[in-house]
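Since the structure comes first, as C-alpha cells, the remarks are kept for the end.
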Amino acid sequence: MPLYNRLKEFRARIDVNQQEMGRLVGVSRQTISQIERGDYSPSVTLAIKIAKVFNAKVEDIFDYEEDENDE
Amino acid sequence: MSKNEIAAEIKKEDKKSKKIFYLILLGSVIVGMMSGFFASFVEDSDMINNWINTGMDMVNQASVYIGCITSAVVAIWAWILYHKSRKEYAAWDEEDEETMDKIDSNLSLALIVTNGNLIVTYIFSVVALAQIPNFFDDRATTVQKFIYFFGGLAFSMIVAMVASVKIVNFEKEMNPEKKGSAYDINFDKKWLASSDEAEKLVHYKASYAAYKAVNIACMILWLLCMYGMTIWGWDNVPVFMVGAIWLTSYFSYSIETLKLSKHTSKIQE
C-alpha cells in the first residue's frame, strides 16, 4: 500500500531536523525517518499531528495511490 | 460477495493448499520411517554411541570454563562497539540518517549478544554444576571448578547488566522520550509504554516471529526427546519440560489474542 509523502520537503520549509520533528509530534527520530523513506505509514492520529505542525492538510503531505494489483 | 461465492472461494483456496499439505504429510511419514530405522541402527552401533559419549564428555568438561571465556569475549566486543557508537554520536551532525541507523543497529546487536551470552551461560552452568566433584572427595579440584563455574556465571550476569544499563541510558540520551531504568523490574513495560506506534509495531511483529520460532523449536525438541527416550534411555523430564514451554507459549498467545479481540480499546495501548 504505497503512501507517498512530502514530509521531508515540509520539514525543510520550517527548518527542523528529524529529532525536533519527532519531539513536536511525540514520536522518535527513527519513526520520522521511516515515514520519510516510505517504510512506515503513520496512523491517522499521527498524520493529523504532523499536518498540524505545518498548518497544512493531511492530504497536502500524504498521498495514496492505488497499486496496479488493487484495481 | 454472496455466500455461495465466499464458499466457492474458500473451497478453491483449500484445494490449492491441500495438495502441498498431503505431500508434506507423506514426506514426513517417509522421513519418520527412515529416521526410525536410522535410530535403531544408532542404538546398536558402538562406534556412533562412542562418538556421542566422547562429544558429551568434552562438552561436560568444558562447561565449567565456557561462562568465563564467552563472557570475556562478549564483554570486550560489546565495549568496543559501545565506544565506537559513542564517538559516532558525538560527531553526528543531527541530519545524517545512516549514522544514527548504524548506531541503533550496533547498540541493539550488543544488547542481543550480551543477553544471549547470559542465557548460554545459565545453560552451561547447570551442566558445570554436575561436573563439580564432591568437596570431600577432591577438595582442590572442587574449589577450582567451583571458582570457574561461579566466576563465569557472575561475570556473565555483570556483563549483561552493565551492557543493559549503558545501552539503555545511551538510547535515552538519543531519544529523551524513552522511559524506564534498566535496574527497574518493570523496565520492559515502561520502555514499551514510552515507545511510539512504529516502535510498538516492531515489538509486536518481533513477538509474533518469536512465538512461531518457539513452536517450531518445540516440535524439533519433542522429536529429539522421542529419540532420546528410545535410543539413549532419557527419562520423562525433558519431554515434560518441552511440553510445558510449548503449552505456555501456545496458550499465552491464544488467550491474549482472545482478550484483545474482546477489548479492542486495549489494542492500541
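Just the heavy atoms: all of them, side chains too, but no hydrogens, waters or symmetry mates, feed the values below.
Within 6.0 Å of the OH atom in Tyr211(B), the count of heavy atoms belonging to other residues, nucleotides or ligands exceeds 12. Within a 6.0 Å radius of CD1 in Ile185(B), no more than 12 heavy atoms belonging to other residues, nucleotides or ligands are found. Heavy-atom neighbours of Asp15(A) CG from other residues, nucleotides or ligands within 6.0 Å: at or below the threshold of 12. Applying the 6.0 Å contact sphere to CD of Glu98(B) captures no more than 12 heavy atoms from other residues, nucleotides or ligands. For Ile6(B), the CD1 atom is densely surrounded, since the number of other residues' heavy atoms within 6.0 Å is greater than 12. Crowding of Trp222(B) atom CH2: a count of heavy atoms from other residues, nucleotides or ligands under 6.0 Å not exceeding 12. When the shell of 6.0 Å around CZ of Phe62(A) is examined, it contains more than 12 heavy atoms from other residues, nucleotides or ligands.
Heavy-atom proximity under 4.5 angstrom to chain B picks out Gly26(A), Val27(A), Ser28(A), Arg29(A), Gln30(A), Thr31(A) from residues 20-32 of chain A.
Under the 4.5 Å side-chain criterion, counting only non-hydrogen atoms from C-beta, Glu36(A) is in contact with Glu97(B).
Contacts of Glu197(B) with chain A are made by both backbone and side-chain atoms, with heavy-atom separations under 4.5 Å. Both the backbone and the side chain of Asp101(B) come within less than 4.5 Å of a heavy atom of chain A.
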